[in-house]
Asker: 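I have a structure I would like to understand better, so I am pasting it below and will then ask my questions one at a time.
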Amino acid sequence: MEERPLVPLHRNRDYQRLWIAHALSGFGSQASYIALPLVLLVATHSATDFGLVTFAEVFASVFAGLPAGLLVDRLPRKAVLVCCDLARTLVFALFTLAVVSHRVSLPLALAVAVLNSVFSAPFSPAASAALRHVVPREQLTAAVSLSQARAAAATLAGPLLGAALYTIAPALPFLVDAGSYLASAACLSLVRLPTGPPAKTKAGTAAEPGPGLLRDLTAGLAEVRRSPFLRYTLVNAALVNLAFAGIVLTLMTEGASSSSGGLHNGLLIAVSGAGNLVGSLFCARAGRAFSPRTLVLAVCWSTALLTPLLALDTGLAPAAVVIALCCLATPAANAVISAARLHTVPDHLQGRVQAACGFIPLLVVPFGPLATGILLDHVPVGTVLLLNAGLLLALALYSTLSSGLRNIPDLRPPAVVATPAVPSDGPSAAARPRGIRPASAHGRAADR
């Protein structure tokens, strides 16, 4: 029987609704994120209070991560997505009233931060899990690429929107954020997704560690431990985030000590955001032209060879070019890895695996700035940059030798690759339940 041609993503109504929902929420989230410290400083006159709010938000995200993954795998994904959006609508609507009535306080800000993290925690894995019910396997890489472009655009434009709204009225960014969640919930309610909770597949039952709440919570970690490919994705995410967190902190510290600190740091942030945005727009094309393993290795080695150039201290412009080139390349690797992970993980474990893949790097990444800060007090800046670049070189070597990366599935259409690779640790395209035909993703935590 002749196969029906794929529906382009721009004509896939369910995917478009979810993409729009995520975009609305992302811009609203960034707008309120930039306004929160301003409102809190006016109310409490304490920078320490904002530090406590940020810490509470991150701690709540870590604490809620694994239970959120279990919730996503036990309830219908659409219900989880809509309920999370409606809950966050209420939270920010109430905070808007507090700002208007001049009743902002540290306890209230802490409560908003914690509630936002708790309600955002299930959204990100639910959105990722919904994506593979929305688009066929051949379009997963392109769909993830567009999601990355959306997040980059929100990160670039959202803070500008928030600052502009704050100058009009301090409460306006939070009102817009509440409205964005409400609009997102309305879009999500129109998306066609399975109405019941995810069903276990025969291919995935072996990954379940058995009965009991603790074993249920850690099923995602067990699946990651079992799969060489998933273990590779964690190492990749941890080392990349660890290294670039250290590199960015070093460059920012160096810029702060110069006469043009504001221009220096602002330019680096701008070129990194622009590089991510442009790279996200072109990574779908790169994903079609090259096999996933070739693409990931090319990105790993290019960043490993480019970042040592930052230690040469040749000025702001060359450093900005290096950062821009790295940011242009990394979305392609992120897209193929994320798409492959969505394809290989059984549907009934998607929430817990996605939560585990976000939980573990979140525990590791803060040590990058901490270690870099300590090193900057004792060794030259160039040495610190080379040490962080060394982490990327280690990743490139590990990626070249990794059996996990050799198992990455090739999701390109058969016309592009004659014999798509099927990983030994996940279900094949034929064995995996396809769910209903086309429906995508959203979440504040992911946009941040």
Asker: On a heavy-atom basis, which atom in Q354 and which in S128 lie closest, and how many Å separate them?
Answerer: CD-CB, 3.8 Å

Asker: Take L392 and C300, measure what side chain to side chain contact (heavy atoms under 4.5 Å, CB included) needs, and give me the verdict at the end.
Answerer: CA-CA 7 Å; L392 297 173; C300 288; over 6 Å; no

Asker: If you measure from CG on L230 to CG on N407, what distance do you get to the nearest 0.5 Å?
Answerer: 10.5 Å

Asker: Taking Q139 for the side chain and V7 for the main chain, is one N or O donor matched with an acceptor at less than 3.5 Å?
Answerer: yes

Asker: P292 versus L411: any side-chain heavy-atom pair under 4.5 Å?
Answerer: no

Asker: In Å, rounded to the nearest 0.5 Å, how long is the span from CG of L24 to SG of C187?
Answerer: 6.0 Å

Asker: Find the distance between CG (L94) and CG (L115) and round it off to the nearest 0.5 Å.
Answerer: 9.5 Å

Asker: Side-chain contact test, heavy atoms from C-beta onward, threshold under 4.5 Å: evaluate it for S145 versus S280 and give yes or no.
Answerer: no

Asker: Might you point out which heavy atoms bring D347 and R132 nearest each other, and give the distance in Å?
Answerer: N-NH2, 3.0 Å

Asker: Does some side-chain heavy atom of Y15 sit less than 4.5 Å from a side-chain heavy atom of L146?
Answerer: yes

Asker: Donor-acceptor pair, distance only, cut-off 3.5 Å: does the side chain of D73 make one with the backbone of R352?
Answerer: yes

Asker: Of all the heavy-atom pairs spanning I408 and F229, show the shortest one and how long it is.
Answerer: CG1-CE1, 3.7 Å

Asker: Quick one: list whatever passes ring pair (Phe, Tyr, Trp, His ring centres under 6.0 Å) with F95, sequence neighbours left out.
Answerer: F174

Asker: Looking only at non-hydrogen atoms, find the nearest pair between L81 and A127 and report the distance.
Answerer: CD2-N, 3.7 Å

Asker: Just wondering, do E57 and N116 contact through their side chains at under 4.5 Å, heavy atoms?
Answerer: yes

Asker: From L172 CG over to L165 CG, what is the distance, rounded to the nearest 0.5 angstrom?
Answerer: 4.5 Å

Asker: At what distance, to the nearest 0.5 angstrom, does CG of D85 lie from CG of L182?
Answerer: 9.0 Å

Asker: May I ask you to test the L405-L297 pair for a side-chain heavy-atom distance under 4.5 Å?
Answerer: yes

Asker: Check for a donor-acceptor pair, side chain of S302 on one end and backbone N or O of A298 on the other, with a separation under 3.5 Å.
Answerer: yes

Asker: Under a plain distance cut-off of 3.5 Å, with no hydrogens placed, do Q148 and N276 share a side-chain donor-acceptor pair?
Answerer: no

Asker: Set out, in order, the CA-CA distance, both residues' side-chain angles and the distance that settles side chain to side chain contact (heavy atoms under 4.5 Å, CB included) for L86 and L90, then state yes or no.
Answerer: CA-CA 6 Å; L86 292 177; L90 179 61; over 6 Å; no

Asker: Under 3.5 Å, is there a donor-acceptor pair linking the side chains of T294 and S291?
Answerer: yes

Asker: Any side-chain heavy atom of R226 sitting closer than 4.5 Å to one from R231?
Answerer: no

Asker: Any sub-3.5 Å donor-acceptor pair from S32's side-chain atoms to S29's backbone N or O?
Answerer: yes

Asker: Are any side-chain N or O atoms of D177 and backbone N or O atoms of P173, one a donor and one an acceptor, separated by less than 3.5 Å?
Answerer: no

Asker: Do the side chain of S184 and the main chain of S25 share a donor and acceptor less than 3.5 angstrom apart?
Answerer: no

Asker: Set out, in order, the CA-CA distance, both residues' side-chain angles and the distance that settles salt bridge (Lys or Arg N to Asp or Glu O under 4.0 Å) for D410 and R137, then state yes or no.
Answerer: CA-CA 10 Å; D410 196 331; R137 66 186 291 274; over 6 Å; no

Asker: Strictly distance-based, threshold 3.5 Å: is any side-chain N or O of R88 a donor or acceptor partner for the main-chain N or O of Y181?
Answerer: no

Asker: Compare every heavy atom of I323 with every heavy atom of L310, then report the nearest pair and how far apart it is.
Answerer: CD1-CD1, 4.2 Å

Asker: Please determine whether side chain to side chain contact (heavy atoms under 4.5 Å, CB included) holds for the pair T307 and N388, giving the CA-CA distance in whole Å, both sets of side-chain angles, and the decisive distance to 0.1 Å.
Answerer: CA-CA 9 Å; T307 47; N388 282 294; over 6 Å; no

Asker: Is a side-chain donor or acceptor of K78 paired with a backbone partner of T195 at a separation under 3.5 angstrom?
Answerer: no

Asker: If you measure only the distance, is there a donor-acceptor pair under 3.5 Å linking the side chains of W301 and T400?
Answerer: yes

Asker: Can you confirm whether P76 sits close enough to L193 that some side-chain heavy atom of one is under 4.5 Å from a side-chain heavy atom of the other?
Answerer: no

Asker: Tell me the ring-ring contact (aromatic ring centres under 6.0 Å, His included) pairs involving residues 393-412, sequence neighbours left out?
Answerer: Y232-Y398

Asker: Do V112 and L36 have side chains that get closer than 4.5 Å, going by heavy atoms?
Answerer: no

Asker: What are the two closest heavy atoms between L281 and A149, and how far apart are they?
Answerer: CD2-CB, 3.8 Å

Asker: Indicate yes or no for a side-chain donor-acceptor contact from Q350 to the backbone of L342 under 3.5 Å, with no hydrogens or angles considered.
Answerer: yes

Asker: Would V240 and N334 count as a side chain to side chain contact (heavy atoms under 4.5 Å, CB included) here? Give the steps.
Answerer: CA-CA 11 Å; V240 167; N334 292 339; over 6 Å; no

Asker: So does A186 get a backbone contact from the side chain of S189, meaning a donor-acceptor N/O pair under 3.5 Å?
Answerer: yes

Asker: To the nearest 0.5 Å, what is the distance between CG on L305 and CG on L325?
Answerer: 12.5 Å

